[in-house]
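This report concerns only the one structure given below.
Here, residue 1 is the first one in the sequence, and each next residue gets the next number.
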Amino acid sequence: GLLGVTTDLFPSMFTICALLILSSVAGSLTGYGVGRSAGKFFYTRKESRFFRRSYLVSTEEFYKKWGVLAMIGGYFLPIIRTFAPVLAGIIKVRFQRFLLLNMIGSAVFISVFVLTGYVIGRLPFLKPWLKYILPVFVLTVTVPLIVKIVKAMRKPTSD
């Protein structure tokens, strides 16, 4: 969005959004395919510190309960956005459902961020603050998630 406002690199915001949505959908489809083809391996894999079969079961239950929210809302959380398509493939979420939710999630996520960048780029009084706004936003979204993952990994296991 900022590039679209501040340069002549792209002809329109529509072009930027369309290309990024297409890229996002393609990347998620790739992750889904990898998860789908590697799924048997994970269900038969020996348990380790980083992998528990119970993680797959809880992920499957989470998708059944919060599927739409997980697929669409997950795009706004950096680590979730990366692994959600792979996990959806592993637990064999129906492809048509995955594709539809992937397209909606990608469209919403990309549009929000590109148009936010566009609006910020159009407001001259915010330009000097951009180098501070982005890192604060990323840290605000990412740090709580990392803290939760680290706490979960430190919990003693009942082996």
Side-chain angles (χ1 to χ4, degrees), residues 1-39 42 50 55-153:
L2 284 170
L3 283 174
V5 168
T6 58
T7 68
D8 293 328
L9 188 60
F10 292 99
S12 70
M13 283 295 110
F14 177 79
T15 303
I16 293 171
C17 286
L19 290 172
L20 290 173
I21 290 168
L22 182 64
S23 298
S24 176
V25 169
S28 292
L29 287 174
T30 302
Y32 179 87
V34 167
R36 188 84 177 193
S37 64
F42 285 106
F50 295 106
Y55 296 165
L56 293 178
V57 172
S58 63
T59 300
E60 195 165 358
E61 290 170 2
F62 181 80
Y63 267 108
K64 285 179 183 174
K65 184 175 181 179
W66 302 100
V68 172
L69 184 61
M71 295 292 289
I72 294 173
Y75 277 90
F76 291 88
L77 301 170
I79 295 173
I80 305 291
R81 178 176 59 241
T82 303
F83 293 107
V86 177
L87 289 171
I90 290 171
I91 65 172
K92 294 186 174 29
V93 170
R94 208 175 86 241
F95 180 75
Q96 293 83 358
R97 178 178 172 82
F98 174 79
L99 181 61
L100 175 66
L101 295 175
N102 176 27
M103 290 168 43
I104 292 169
S106 292
V108 170
F109 174 72
I110 298 297
S111 298
V112 164
F113 279 95
V114 169
L115 296 176
T116 300
Y118 178 80
V119 168
I120 289 172
R122 302 280 297 174
L123 301 172
F125 67 91
L126 284 180
K127 284 184 183 179
W129 298 99
L130 290 179
K131 62 183 174 187
Y132 304 110
I133 293 172
L134 186 60
V136 166
F137 176 77
V138 170
L139 288 173
T140 302
V141 171
T142 307
V143 168
L145 190 60
I146 291 171
V147 167
K148 185 171 180 149
I149 290 169
V150 168
K151 282 183 180 179
M153 290 175 67

Expected list for residues 83-92: side-chain donor-acceptor pairs under 3.5 angstrom, two or more places apart:
none

Can you tell me how far apart [atom1] ([X]) and [atom2] ([Y]) are? Round to the nearest 0.5 Å.
X    : Y    : atom1 : atom2 : value
M103 : L22  : CE    : CG    : 10.0 Å
I110 : S23  : CD1   : OG    : 8.0 Å
Y118 : L123 : OH    : CG    : 10.5 Å

List the steps, then state whether side chain to side chain donor-acceptor pair (under 3.5 Å) holds for S24 with Y75. CA-CA 10 Å; S24 176; Y75 277 90; 4.6 Å; no
Carefully, step by step, assess M13 and I16 under the rule side chain to side chain contact (heavy atoms under 4.5 Å, CB included). CA-CA 5 Å; M13 283 295 110; I16 293 171; 3.4 Å; yes
Considering non-hydrogen atoms only, spot the tightest contact between L99 and V25 and give its length. CD1-CG1, 4.5 Å
Taking all non-hydrogen atoms of both residues, which atom of I21 and which atom of S106 are closest, and how far apart? CG1-O, 3.9 Å
Is the side chain of S111 donor-acceptor paired with the backbone N or O of V108 at a distance under 3.5 Å, no angle test? no
Determine the interplanar angle of the Y32 and F98 rings, folded into 0 to 90°, and report it as parallel if under 30°, tilted if 30 to 60°, perpendicular if over 60°. parallel
